[in-house]
K.L.:
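Got a structure for you, written out below as structure tokens; questions coming shortly.
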Amino acid sequence: MSINWLRFVSPSLKKPHLFHLCHLPPPPFSSSAVIVAMSYDKELAAAKKAASLAARLCQKVQKALLQSDVQSKNDKSPVTVADYGSQALVSFVLQQEFPDNFSLVAEEDSKDLRKDGGQEIVERITKLVNDSLTIDGSYNVTLSTEDVLKAIDNGRSEGGSQGRHWVLDPIDGTKGFLRGDQYAIALALLDGGKVVLGVLACPNLPLTSLSDAGQHSPNNKVGCLFFAVVGGGTYMQPFDGSSAVKVQVSAVENPEEASFFESYEAAHSMHDLSSLIAQKLGVKAPPVRIDSQAKYGALSRGDGAIYLRLPHKGYREKIWDHAAGCIVVSEAGGVVTDAAGQPLDFSKGKYLDLDTGIIVTNQKLMPLLFNAVRKSIQEKASSL
Ligand SMILES: Nc1ncnc2c1ncn2[C@@H]1O[C@H](COP(=O)(O)O)[C@@H](OP(=O)(O)O)[C@H]1O
Ligand SMILES: [Mg+2]
Ligand SMILES: [Mg+2]
Ligand SMILES: [Mg+2]
């Protein structure tokens, strides 16, 4: 068991504090503190297992996608049997592994499934979940439709700054999933309001860089599992189970050589603002538009150097859209902030309170990027 983190519960601090072994506070602070060794090994193993099973479920559904599998939520975003199935599966696996201390903040709920006419779809989800749970012999269970609905609704926690909470986006990039493009199963763990662990399963992401010309060749395998624990770096493991490799963000210092990612969906980010920023930086390559937190995964291994997410006014970002991606990039040496340069705060419940948007890059490029973002925002505001 690797223990890299210590939790200090000190009378002089209002809340318990986490310290990495490399940054222990000096005495007398430590002498008056209760020290509890922290390890997230068990949580990481469970998260990888849950995300991998969910990824297999999603791959199966994407292959056989039927129009009737798509429902529309109140906000008009699509949700599929795979979103519900993935959430039920991850929720069930985590609850089995951590029965005494289980809290999950997740995107979906069972409200629409419980409406008249939902029974058939719930049965299909239940079959998918049972097939996936038993596929490799890890669980010898048969869930009922009610068990599945309850597992989905166990994701109703509000999160917050106290204790541990899992954060799940069962399919991030549902629109990409429906198009046959990129999507991700994104799972993170909050401890005391901070993201301490993240797993991103990206079933359609090529194992080689997105900047490689040969990425679309039929021999290029897809399916990447990224994982990171605070203080431990970021790793990428192919879905075929071969060894994980440590990844690092791009070391590019010259913005002219940087390529940047943004949402495929124009409605999810102000592409005109991103182009203004790119223009100011002198970025030459056109933006790479892909769906989901696969962008954070690709950036963590240096496929591109910048990710800009600048939603339209009034949109409130949810924690499950960024928690796993944020730790995957920061543990690979990158920086994730809002447009005011502040780190993302995952401790406030379901929503991130942000200034304007999210910017992601390496440490060298961040000052230049930040200035270009601020200037572009001001210019856009004064031209309105
Ligand atoms: N108008 C909007 N602005 C910004 N993000 C939006 C949005 N509408 C939906 N989203 C979020 O964008 C996510 C996808 O991100 P991306 O654009 O990077 O693929 C969606 O996740 P889901 O697909 O999990 O619903 C959804 O939460
Ligand atoms: Mg959604
Ligand atoms: Mg999402
Ligand atoms: Mg989703």
Side-chain angles (χ1 to χ4, degrees), residues 51 54-55 57-58 61-62 69-91 104-110 112 152 155 166-188 198-205 210 260-274 287-300 304 306-326 328-329 336 338-339 344 346 350-354 356-360:
L57 180 152
C58 296
V61 177
Q62 201 184 39
D69 287 341
V70 186
Q71 301 198 330
S72 211
K73 290 198 284 192
N74 282 346
D75 62 0
K76 295 279 177 267
S77 64
V79 60
T80 69
V81 287
D83 296 68
Y84 291 124
S86 168
Q87 181 158 324
L89 191 55
V90 173
S91 168
L104 173 68
V105 188
E107 182 180 1
E108 311 302 344
D109 64 57
S110 77
D112 290 344
I152 292 170
W166 291 98
V167 179
L168 171 69
D169 195 332
I171 293 188
D172 183 41
T174 309
K175 288 184 176 166
F177 176 82
L178 293 170
R179 260 188 266 108
D181 288 341
Q182 296 299 331
Y183 65 99
I185 293 93
L187 179 59
V199 174
L200 271 185
C202 306
N204 287 342
L205 193 68
L210 291 174
F260 76 92
F261 295 123
E262 58 183 348
S263 282
Y264 182 96
E265 295 290 330
H268 294 182
S269 203
M270 288 186 279
H271 289 176
D272 56 337
L273 187 54
S274 319
V288 180
R289 292 193 177 145
I290 55 172
D291 302 278
S292 84
Q293 287 172 70
K295 290 187 277 296
Y296 284 103
L299 201 131
S300 77
I306 298 171
Y307 168 25
L308 294 172
R309 185 184 190 87
L310 305 158
H312 294 274
K313 218 173 164 37
Y315 182 78
R316 291 181 81 192
E317 294 280 6
K318 281 81 160 203
I319 56 171
W320 52 73
D321 280 326
H322 302 283
C326 184
V328 160
V329 163
V336 183
D338 70 7
L344 307 189
F346 292 93
K350 283 184 182 178
Y351 294 97
L352 285 168
D353 278 328
L354 291 173
T356 313
I358 297 176
I359 55 182
V360 187

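Each ligand, and each atom within it, is numbered from 1 in the order the structure gives.
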K.L.:
Among all the protein's non-hydrogen atoms, which is closest to atom 21 (O) of ligand 1, and how far away is it?
P.N.:
Asp172 OD1, 3.2 Å
K.L.:
Output yes when the distance from some N or O of ligand 1 to some N or O of Ile290 is under 3.5 Å, and no in every other case.
P.N.:
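Looking only at distances, the answer is no, because the N/O contact criterion of under 3.5 Å is not met.
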K.L.:
Short of 2.8 Å from the Mg ion (ligand 4), name each protein N/O/S atom, waters not counted.
P.N.:
Glu107 OE1, Asp169 OD1, Ile171 O
K.L.:
Is Glu107 near ligand 1, meaning one of its heavy atoms is under 4.0 Å from it?
P.N.:
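Flag set, Glu107 near ligand 1.
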K.L.:
Test your reading of the structure: does His268 have an N or O sitting under 3.5 Å from an N or O of ligand 1?
P.N.:
yes
K.L.:
Between Lys175 and Pro78, is there a side-chain heavy-atom distance shorter than 4.5 Å?
P.N.:
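Counting from C-beta outward, Pro78 and Lys175 do come under 4.5 Å.
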K.L.:
Can you give the donor-acceptor pairs under 3.5 Å from side chains of residues 177-186 to other protein atoms, not counting sequence neighbours?
P.N.:
unit_1	atom_1	unit_2	atom_2	d
Arg179	NH1	Asp181	OD2	2.9
Arg179	NH1	Asp291	OD2	2.8
Arg179	NH2	Glu265	OE2	2.7
Arg179	NH2	Asp291	OD1	3.0
Gln182	OE1	Leu205	N	3.2
Gln182	NE2	Asn204	O	2.8

K.L.:
I'd like to check which ligand 1 atoms, numbered from 1 as shown, lie under 4.0 Å from a non-hydrogen atom of Ser263.
P.N.:
16 (P), 17 (O), 18 (O)
K.L.:
Could you tell me if Arg289 sits above the aromatic ring of Tyr264, with its cationic atom closer than 6.0 Å to the ring centre and no more than 45 degrees from the axis?
P.N.:
no
K.L.:
Can the ring centres of Tyr296 and Tyr307 be said to be less than 6.0 Å apart?
P.N.:
yes
K.L.:
Should Val167 and Leu187 count as side-chain neighbours, where that means a heavy-atom distance under 4.5 Å?
P.N.:
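Counting from C-beta outward, Val167 and Leu187 never come under 4.5 Å.
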K.L.:
For ligand 1, which is the ligand I care about here, please tell me if Asp169 has any N or O atom under 3.5 Å from one of the ligand's N or O atoms.
P.N.:
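N/O-N/O distance below 3.5 Å exists for this pair.
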K.L.:
Going by distance only, is there an N or O of Tyr264 that falls short of 3.5 Å from an N or O of ligand 1?
P.N.:
no
K.L.:
Glu108 and side chain to side chain contact (heavy atoms under 4.5 Å, CB included): which single residue from Leu168, Asp169, Ile171, Val79 fits?
P.N.:
Val79
K.L.:
Note the single closest protein heavy atom to atom 19 (O) of ligand 1, along with its residue, its atom name and the distance in Å.
P.N.:
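Heavy-atom neighbour on the protein nearest atom 19 (O) of ligand 1: Ser292 N, 2.6 Å.
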K.L.:
What about Gly173: any of its N or O atoms under 3.5 Å from an N or O on ligand 1?
P.N.:
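There is such a contact, yes.
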K.L.:
In Å and rounded to the nearest 0.5 Å, what is the NZ to CE distance from Lys313 to Met270?
P.N.:
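Separation between the atoms: 9.0 Å.
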K.L.:
Is the shortest heavy-atom distance from the side chain of Trp320 to the side chain of Lys350 under 4.5 Å?
P.N.:
yes
K.L.:
Could you check whether any heavy atom of Ala267 sits closer than 4.0 Å to an atom of ligand 1, since that is the contact criterion I want to use?
P.N.:
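Yes, that is the case, since the closest heavy atom of the residue is under 4.0 Å from the ligand.
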K.L.:
What is the distance from atom CG of Leu354 to atom OH of Tyr315, rounded to the nearest 0.5 Å?
P.N.:
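Answer rounded to 0.5 Å: 10.5 Å.
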K.L.:
Compare all side-chain heavy atoms of Glu107 with those of Lys318 and state whether any distance is below 4.5 angstrom.
P.N.:
no
K.L.:
Do Glu317 and Pro311 have side chains that get closer than 4.5 Å, going by heavy atoms?
P.N.:
yes
K.L.:
What protein heavy atom lies closest to atom 11 (C) of ligand 1? Include the residue and the distance to one decimal.
P.N.:
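Among all protein heavy atoms, the one nearest atom 11 (C) of ligand 1 is Tyr315 OH, 3.2 Å.
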K.L.:
Working to the nearest 0.5 angstrom, can you tell me the gap between Leu200 CG and Gln293 CD?
P.N.:
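Answer rounded to 0.5 Å: 5.5 Å.
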K.L.:
Which bit of Lys295 gets closer than 4.0 Å to ligand 1, counting heavy atoms only: side chain, backbone, both or neither?
P.N.:
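Lys295 to ligand 1: side-chain contact only, backbone stays beyond 4.0 Å.
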K.L.:
For atom 27 (O) of ligand 1, what's the nearest protein heavy atom and its distance?
P.N.:
Asp321 OD2, 2.7 Å
K.L.:
For ligand 1, indicate whether the residue Asp291 contacts it via side chain, backbone, both or neither (heavy-atom separation under 4.0 Å).
P.N.:
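Within the 4.0 Å criterion, Asp291 contacts ligand 1 through backbone and side-chain atoms alike.
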K.L.:
Are the side chains of Asp112 and Tyr84 in touch, meaning some heavy atoms are under 4.5 Å apart?
P.N.:
yes
K.L.:
Evaluating non-hydrogen atoms only, which member of Arg309, Glu265, Lys175, Glu317 is closest to atom 13 (C) of ligand 1?
P.N.:
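Comparing heavy atoms across Arg309, Glu265, Lys175, Glu317, the nearest one to atom 13 (C) of ligand 1 lies in Arg309.
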